[in-house]
4 protein chains.
Amino acid sequence: MRHRDETKKQALHKATIQVVKEEGFASASVNKIAKKAGVAPATLYIYFSNKDDLLTSTFMVTKTELSDYILSDFDSAKSLKDNVHAFWTRLYDYVSNYPDDYQYIDQFSHSPLIQHVDTNALEAPYQEFHKALSDGIEQGVLKDIPKPMMLSFILAPVVFLARSRLGASLDNSAHDLDQAFSLAWDAISD
Amino acid sequence: MRHRDETKKQALHKATIQVVKEEGFASASVNKIAKKAGVAPATLYIYFSNKDDLLTSTFMVTKTELSDYILSDFDSAKSLKDNVHAFWTRLYDYVSNYPDDYQYIDQFSHSPLIQHVDTNALEAPYQEFHKALSDGIEQGVLKDIPKPMMLSFILAPVVFLARSRLGASLDNSAHDLDQAFSLAWDAISD
Amino acid sequence: MRHRDETKKQALHKATIQVVKEEGFASASVNKIAKKAGVAPATLYIYFSNKDDLLTSTFMVTKTELSDYILSDFDSAKSLKDNVHAFWTRLYDYVSNYPDDYQYIDQFSHSPLIQHVDTNALEAPYQEFHKALSDGIEQGVLKDIPKPMMLSFILAPVVFLARSRLGASLDNSAHDLDQAFSLAWDAISD
Amino acid sequence: MRHRDETKKQALHKATIQVVKEEGFASASVNKIAKKAGVAPATLYIYFSNKDDLLTSTFMVTKTELSDYILSDFDSAKSLKDNVHAFWTRLYDYVSNYPDDYQYIDQFSHSPLIQHVDTNALEAPYQEFHKALSDGIEQGVLKDIPKPMMLSFILAPVVFLARSRLGASLDNSAHDLDQAFSLAWDAISD
DNA sequence: GATGAATGAGTGTTCATTCAT
DNA sequence: CATGAATGAACACTCATTCAT
């Protein structure tokens, strides 16, 4: 027998993201994805049980890559502000460097499929970071506001900027980014 | 194109939003939309040139309803903070009261179709509000930061909150909303 | 609009029987059926909700044609033996003259689909005939044996003969048929 | 073709019958059959040249098991009536005890594949029994009617009873069975 | 001998759109 | 103006079979 080719699974994940980028989530068909991955449509069903499984699996893998990327600079020895800054910067970098991957995560998150994934599992890697935020609140460094709201101030602006076409004009501008981070930090810090 | 029976066009717009809500953007077919609107599929093509036209038209109309709703309390005689507060509140109300309409705007905005709409035209109603912000910067009330970044701090949190399931826990909580607005205002004001 | 074409539904029924005859029940695909009926595969779904519906509907219609054909000579004024003889003869004629229709009924009856049809409804036309048999038992003309067993003696031989390739050698032989009927009648009559 | 591992071939035969029972003749795929037999789909092609070969081979083997079973009590020393009675009883037992096997024979016999099997070979085991019937005719014990017609009276009722759902009510009823045999015997005997 | 990976051809079904009325 | 019938193209998916190991 031929041995199962793990690269083929990866190729299908990448092809999925590519096709979704080019055709949109709604028009991404298994035929197009298979062709882009260089395999027969039927082969897809060896590695994934159906289209939803392919889309969901691609989401999980990509979302994990994202958290790995974002949290790689996290260091509990660093100050809270440094950690938040690193978090913020890495997120911006990811969205800038891997726009297709980020767009895929975004589109999947807004699709009905999101309701079938175990979101708790995907939140797990962020545990330490959440802990650091909680500590910050306890120590009076951060305002005592609901965590989701705090996160919305940290996350939303960078995503908004990176996503919008207007964001293009901010590319590579370290100053603007620092300014944005300052705004966010001022908003949440006491 | 002008047609006598404007009612039918509206029905199709509403049906589009309904079906997208129930089936998702990807699974919203013209047959289902027509049936939901109570007309024959062929009738749809009297009012719209094709499916894309229907979807885009629905987006434009809904987006205009949104701006009308949001800006209805704007009053150039009021203070800047009051206007921003009204803007913020009305947005939150819209997302809360018309979740289907907002979801449709959201989904359409993330689809490839968005590239074919004249975004300038949709921004027009916000002209006065933008002017007020510019004045605020000039008068030193607001920080001198790029407008999109400023808007991201105003808009993103409320959208984030309203959209996320976590947002559910904040429903009807005037205190939380005011707190969020304070955060946003603190972030952008000098 | 075009008016719904009832002949098209009939054409699909006939095409179904034809394809099942030529390719077998297992290999009868909607594509082949549609092509044989001279319509696009999609058209089939205007008249039938799915393949099972097409197959089942064809069965019901054909089975009704069969009972109409078989019972057309039934006359409650005639003697029981004459009625049974007419029943027997008509069945043999049907199987001989419409072998494809009969084969379709046969194949469908042996498929899993048969479990989803209301067999009671299909038995309704035979009510009078069953009544006559019951009367015959009461009057001592027929043996007092379970009705299904009695029917098996009436039906099975003619079906068996007509179906088997051996039956071919009996075609058109009025004498053999009469002989077979005599056997059956002797078996069930007192 | 001869192969070492006859066990595997048997397993595939049994699996074929099982899958046909569970899924129907039309939906019995080689993948399902292989899985049920506990072998890889490719292995199947070592023992059988293709799917038709597998189905046909399964038919031949099962049909031979049936004739072995039916004829096991045949004894040329016994009276004709006893032999016919044994034949009849064994058939009923087989259909009752091995409904899946019988159903498979039945379904295969009604499929187009039956046209490719050498039916003469399958009739061979019945030679002695046929001879006995012929002797019975010669000796005036049986009516002088075509053999297939005679067989139809012997076989058809038991099959009809055993197969129909009505037959269920006759289960385990020795009296009913004897009654049915008497009817058949009366029909064919002089 | 035995396997699971791989696939071209096919499955039943839905699609957006056009046509005749 | 409005319709339901009609369809070619596409859909997600399964098939029997072959291939490389």
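When reading the values below, keep in mind they use all heavy atoms of this one structure, side chains included, and skip hydrogens, waters and symmetry mates. First the proteins, then the strands, lettered A, B, ... as listed; each starts at 1.
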Between P of dT14(F) and CG of D53(A), the distance in whole Å:
12 Å
Below 30° counts as parallel, above 60° as perpendicular, anything between as tilted: where do the rings of F59(A) and F108(A) land?
parallel
Sidechain N-carboxylate O distance under 4.0 Å for E22(A), K32(A):
no
Report the residues that fulfil ring pair (Phe, Tyr, Trp, His ring centres under 6.0 Å) with Y45(C), sequence neighbours left out, ordered by chain and then residue number.
none
Rounded to whole Å, please give me the gap between CG in L54(A) and C1' in dC11(F).
15 Å
Which pair of heavy atoms, one from T64(A) and one from S67(A), lies closest together, and at what distance?
O-OG, 2.9 Å
Integer-rounded Å distance: dG4(E) P and K9(A) NZ:
17 Å
Figure out the CG/P separation between D52(C) and dT11(E), and round it to whole Å.
16 Å
Interface with DNA chain F, restricted to residues 18-50 of chain C and to heavy atoms under 4.0 Å
V39(C), A40(C), A42(C), T43(C), I46(C), Y47(C)
Y47(B) side-chain N/O to L54(B) backbone N/O, donor-acceptor pair under 3.5 Å:
no
So do the side chains of K9(A) and T58(A) get within less than 4.5 Å of each other, counting heavy atoms only?
no
Taking for K8(A) and for K51(C) the nucleotide of DNA chain E with the nearest heavy atom, the one nearer the 5' end belongs to K8(A)
Might you point out which heavy atoms bring A28(D) and K51(D) nearest each other, and give the distance in Å?
O-NZ, 2.9 Å
Under the ring pair (Phe, Tyr, Trp, His ring centres under 6.0 Å) rule, what do Y98(B) and Y102(B) come out as? Steps first, then yes or no, please.
CA-CA 6 Å; Y98(B) 306 101; Y102(B) 180 74; over 10 Å; no
Please map the stems of DNA chain F, keeping only stretches of three or more Watson-Crick or G-U wobble pairs with both distances under 3.5 angstrom.
E:2-21 with F:2-21
Taking CG from L12(D) and P from dT3(E), how many angstroms apart are they, rounded to a whole number?
10 Å
